[in-house]
Amino acid sequence: MARNLITRQQYKDIKKKDHTQMSEFFAKVWQDGFNDGIKSAKKSATAAVKPGDIEKAISEVKGIGDVKLKAIMQRVYKLYEVTGD
């Protein structure tokens, strides 16, 4: 069963809104959701994988030597430069 996201009183208030009030209401709802998304992205960015983590994981793979690891990491660092991290 779906969980109610609004109270009965909020529902009644929404039903009474005119076109302008509804537009303002939905703009506020959208902005709140957008802000929550930004906060969530910032939290997950702090837990994001860093190039050093990738290098450590790849270095533990059997058959990957120093030369191949260096070539792989050059590509990884290039990707991180492009994305701005």
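As a basis for the values below, the full set of heavy atoms in this structure was taken, side chains included, without hydrogen atoms, waters or symmetry mates.
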In Å, rounded to the nearest 0.5 Å, how long is the span from [atom1] of [X] to [atom2] of [Y]?
X	Y	atom1	atom2	result
K12	I6	NZ	CD1	12.0 Å
K17	E24	NZ	CD	8.5 Å
L79	Q74	CG	CD	12.5 Å
R75	K78	CZ	NZ	7.0 Å

Is there a path of hydrophobic side-chain contacts, each under 4.5 Å between heavy atoms of I/L/V/M/F/W/Y residues, joining V67 to I58? no
Least distance between heavy atoms, E55 atom then Y77 atom: OE1-OH, 3.7 Å
Is [Y] close to [X] at the side-chain level, that is, under 4.5 Å between some pair of heavy atoms?
X	Y	result
M22	I14	yes
F34	Q31	yes
M73	I54	yes

Should we count CG of D53 as having more than 12 external heavy atoms under 6.0 Å?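 Yes, the 6.0 Å shell around CG holds more than 12 heavy atoms from other groups.
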Taking NZ in K68 as the centre, count heavy atoms belonging to other residues, nucleotides or ligands within less than 6.0 Å. Is the count above 12?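 No - once you tally the heavy atoms of other residues, nucleotides and ligands closer than 6.0 Å, there are 12 at most.
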Backbone of [Y] reached by a side-chain donor or acceptor of [X] within 3.5 Å:
X	Y	value
D32	V29	no
Q10	T7	yes
S40	D36	no

Is the distance between the ring centroids of F26 and W30 under 6.0 Å? no
